[in-house]
Amino acid sequence: GISGVTVTGSTANDNLAKGISVSSGSTVTGSTARDNTDDGIATGSDSTIIGCTAINNGAIGIDALSNCTVKNCTANSNGLHGIEVSTDSSVLNNTCDSNGDSAGSAGIHGTSGGNRIEGNTLTDNNTTGVNVGAGGNLIMHSADLRLFADNLKSELDQLRKALGDARSNAKLESDVI
């Protein structure tokens, strides 16, 4: 394909393959991909995706290769991951909700290292908010609200158990005395 393509304000709905697909060095801004059979938006390396929306696509909402920037996008209810990057990419200030029909799905998936994943809001994704396949990624200020809720529930359950054990032990001591 042709490198360095710019796609602005486009809509790709109900395609039997990818919604928007561009080669390396391309820019996709303000575009929407919805209800496509494959990926919603797919780019080659060294590309930029800003302010885009990918909803209810069959595979990955936004699929970017290495050295890409995905910023201020929304990726909801996609079949696999909301956003996927390979290596040396920045994934900044995005919202990913309810992605993944199977185990291993994530709001944001980094397949390799060197990625910066920062300032994202991740809710109700199938397995996890962020999943990285290698070390060397920087993950900051990305809130996986389901993970937070699950951790809070787990901590409350442990506290309830500890209180129950303490009450049982206190009752045993009083019975013995």
Side-chain angles (χ1 to χ4, degrees), residues 1 3-15 17-101 104-112 114-133 137-148:
S3 295
V5 172
T6 299
V7 177
T8 303
S10 294
T11 301
N13 294 343
D14 300 307
N15 292 290
K18 293 178 167 82
I20 298 169
S21 182
V22 296
S23 298
S24 297
S26 295
T27 301
V28 182
T29 59
S31 296
T32 299
R34 179 187 294 265
D35 299 317
N36 299 291
T37 306
D38 199 343
D39 297 338
I41 300 170
T43 70
S45 299
D46 304 305
S47 294
T48 302
I49 304 100
I50 298 176
C52 292
T53 302
I55 297 175
N56 202 40
N57 296 289
I60 300 166
I62 299 171
D63 188 7
L65 295 179
S66 61
N67 300 306
C68 290
T69 298
V70 181
K71 184 175 180 181
N72 299 331
C73 293
T74 299
N76 296 342
S77 302
N78 296 290
L80 191 54
H81 307 298
I83 298 170
E84 181 174 89
V85 294
S86 61
T87 186
D88 300 322
S89 295
S90 295
V91 183
L92 310 169
N93 304 317
N94 301 287
T95 300
C96 300
D97 179 70
S98 300
N99 293 290
D101 295 332
S105 301
I108 298 172
H109 182 227
T111 63
S112 193
N115 297 302
R116 177 180 168 202
I117 300 169
E118 181 176 0
N120 301 285
T121 300
L122 311 158
T123 53
D124 295 324
N125 296 290
N126 188 318
T127 302
T128 188
V130 176
N131 181 10
V132 291
N137 292 287
L138 175 64
I139 303 169
M140 299 186 326
H141 312 295
S142 290
D144 182 346
L145 299 179
R146 184 174 74 171
L147 180 61
F148 174 77

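Numbering of residues begins at 1 and proceeds along the displayed sequence.
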Check: [X] side chain, [Y] main-chain N or O, donor-acceptor pair, under 3.5 Å:
{"X": "H81", "Y": "A106", "answer": "yes"}
{"X": "D46", "Y": "S24", "answer": "no"}
{"X": "S112", "Y": "G133", "answer": "no"}
{"X": "D39", "Y": "A59", "answer": "no"}
{"X": "N78", "Y": "A54", "answer": "yes"}
{"X": "N94", "Y": "V70", "answer": "yes"}
{"X": "S89", "Y": "T69", "answer": "no"}
{"X": "N115", "Y": "D88", "answer": "yes"}
{"X": "T53", "Y": "T74", "answer": "no"}
{"X": "N99", "Y": "A75", "answer": "yes"}

Measuring from [X]:[atom1] to [Y]:[atom2], what's the distance to the nearest 0.5 Å?
{"X": "C52", "Y": "K71", "atom1": "SG", "atom2": "NZ", "value": "13.0 Å"}
{"X": "N72", "Y": "L92", "atom1": "CG", "atom2": "CG", "value": "8.0 Å"}
{"X": "H141", "Y": "I117", "atom1": "NE2", "atom2": "CD1", "value": "13.5 Å"}
{"X": "I49", "Y": "I41", "atom1": "CD1", "atom2": "CD1", "value": "7.5 Å"}

### Message
What I want to check is whether the side chains of N13 and D35 have a donor and an acceptor closer together than 3.5 Å.
### Response
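N13 vs D35: no donor-acceptor pair found between side chains.
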### Query
So, S77 and N56: side-chain donor and acceptor under 3.5 Å apart, yes or no?
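Note: S77 and N56 side chains miss the donor-acceptor criterion.
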### Message
Holding to side-chain hydrogen bond (donor to acceptor under 3.5 Å, both in side chains), I want the full list of residues that pass it with N76, two or more places apart in sequence or in another chain.
### Response
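Partners of N76 by the side-chain hydrogen bond (donor to acceptor under 3.5 Å, both in side chains) criterion come out as none, since no residue qualifies.
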### Task
Please list, chain by chain and in numerical order, all residues satisfying side-chain hydrogen bond (donor to acceptor under 3.5 Å, both in side chains) with T87, sequence neighbours excluded.
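In terms of side-chain hydrogen bond (donor to acceptor under 3.5 Å, both in side chains), with neighbours along the sequence ignored, T87 is linked to no residue.
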### Message
With side-chain contact (heavy atoms from CB on, under 4.5 Å) as the test, pick out the partner of E84 among V91, N131, T111.
### Response
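Testing each of V91, N131, T111 against E84, the sole residue satisfying side-chain contact (heavy atoms from CB on, under 4.5 Å) is T111.
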Determine whether [X] and [Y] make a side-chain contact, defined as any pair of heavy atoms from C-beta on separated by less than 4.5 Å.
{"X": "I83", "Y": "C96", "value": "yes"}
{"X": "K18", "Y": "N36", "value": "no"}
{"X": "E118", "Y": "L138", "value": "no"}

Do you know the tightest heavy-atom contact between [X] and [Y]?
{"X": "S105", "Y": "G79", "answer": "OG-O, 4.3 Å"}
{"X": "C73", "Y": "I62", "answer": "CB-CD1, 3.7 Å"}
{"X": "N57", "Y": "R34", "answer": "OD1-C, 3.7 Å"}
{"X": "T8", "Y": "S31", "answer": "C-OG, 3.9 Å"}
{"X": "A12", "Y": "I20", "answer": "CB-CG1, 3.8 Å"}
{"X": "S23", "Y": "S47", "answer": "O-OG, 3.5 Å"}

